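Beneath this line is the structure, given in structure tokens, with notes to follow.
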Amino acid sequence: QVQLVESGGGLVQTGGSLRLSCSASGRTFSSAAVSWFRQAPGNEREFLAAISWSGGRTVYADSAKGRFTISRDNAKNSVYLQMNSAKPEDTAAYYCAAGRAMRDTTLRGDYDYWGRGTQVTVSS
């Protein structure tokens with residue numbers, strides 16, 4: 001079993017930066033691919049980025065390219081999402097999910113484990 005906990009969210013001003021963390025328990029996390037998503041009220045879940053188990057491969061949604069960076073530290077059982085040049089439209093709950101395959105889908109069933117999310121609010 002793997003449990004995921006997101007942290008690092010909060011209030012940030014437009015143009016600011018945040019680093020979100022997805023911390024995991026369980027030895028299988030280092031062999032799992034991890035994806036980040038966000039969901040704003042009234043909106044569908046949006047895929048942002050994914051990283052392979054080794055960190056050697058990453059994929060980004062077009063909306064995330066240039067401002068978001070995904071990385072991982074398997075020694076710390078953690079995956080990170082760096083957000084730069086924050087915009088008010090980045091306001092959302094941010095989630096991480098893990099699975100055996102690296103995916104860019106948004107279906108809950110495509111991943112084995114989900115965190116409960118961390119809220120990011122960007123003030124204008």
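Since the model is a prediction, treat every value here as computed from it, not as a measurement.
- The shortest distance between side-chain heavy atoms of Val5 and Arg116 does not fall below 4.5 Å.
- For Arg38 and Tyr94, the side-chain atoms include at least one donor-acceptor pair closer than 3.5 Å.
- In terms of hydrophobic clustering, with Ile, Leu, Val, Met, Phe, Trp and Tyr side chains grouped at heavy-atom distances under 4.5 Å, Ile70 and Val59 are assigned to different clusters.
- Under the 4.5 Å side-chain criterion, counting only non-hydrogen atoms from C-beta, Gln82 is in contact with Ser17.
- In this structure, the side chain of Tyr111 engages the main chain of Thr105 through a donor-acceptor pair within 3.5 Å.
- The backbone N or O of Gln39 sits nowhere less than 3.5 Å from a side-chain atom of Arg45 that would complete a donor-acceptor pair.
- Residues Asn84 and Phe68 are not in side-chain contact: their nearest non-hydrogen atoms beyond the backbone lie 4.5 Å or more apart.
- Shown here is Gln3, whose CD atom has no more than 12 heavy atoms of other residues, nucleotides or ligands within 6.0 Å.
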Stepwise salt bridge (charged side-chain N to carboxylate O under 4.0 Å, His left out) check, Asp90 with Lys87
CA-CA 5 Å; Asp90 292 326; Lys87 303 176 181 180; over 6 Å; no

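- Residues Ile51 and Val79 have side chains in contact (heavy-atom distance under 4.5 Å, counting atoms from C-beta outward).
- No continuous path of ILVMFWY side-chain contacts below 4.5 Å connects Trp53 to Trp36, so the two sit in separate hydrophobic clusters.
- Side-chain atoms of Cys22 and Tyr80, non-hydrogen and from C-beta on, never get closer than 4.5 Å to each other.
- No hydrogens or angles considered: nothing links the side chains of Glu44 and Thr106 as a donor-acceptor pair under 3.5 Å.
- Using a 4.5 Å cut-off on side-chain heavy atoms (C-beta onward), Glu6 and Tyr95 make contact.
- More than 12 heavy atoms of other residues, nucleotides or ligands shown are found within 6.0 angstrom of CZ on Arg108.
- A centroid separation of less than 6.0 Å is found between the aromatic rings of Trp114 and Phe37.
- Looking only at side-chain heavy atoms (C-beta outward), Leu81 and Met83 stay at 4.5 Å or farther from each other.
- The cluster map of Ile, Leu, Val, Met, Phe, Trp and Tyr, joined by side-chain heavy atoms under 4.5 Å apart, puts Leu20 and Val2 in the same cluster.
- No side-chain heavy atom of Val120 sits less than 4.5 Å from a side-chain heavy atom of Thr91.
- Checking side-chain atoms of Thr118 against main-chain N and O of Ser7 turns up no donor-acceptor pair under 3.5 Å.
- Asp73 and Ser78 are not linked by any side-chain donor-acceptor pair at a separation below 3.5 angstrom, with hydrogens and angles left out of the test.
- Looking at Ser54, its side chain does come within 3.5 Å of a backbone N or O of Gly56 through a donor-acceptor pair.
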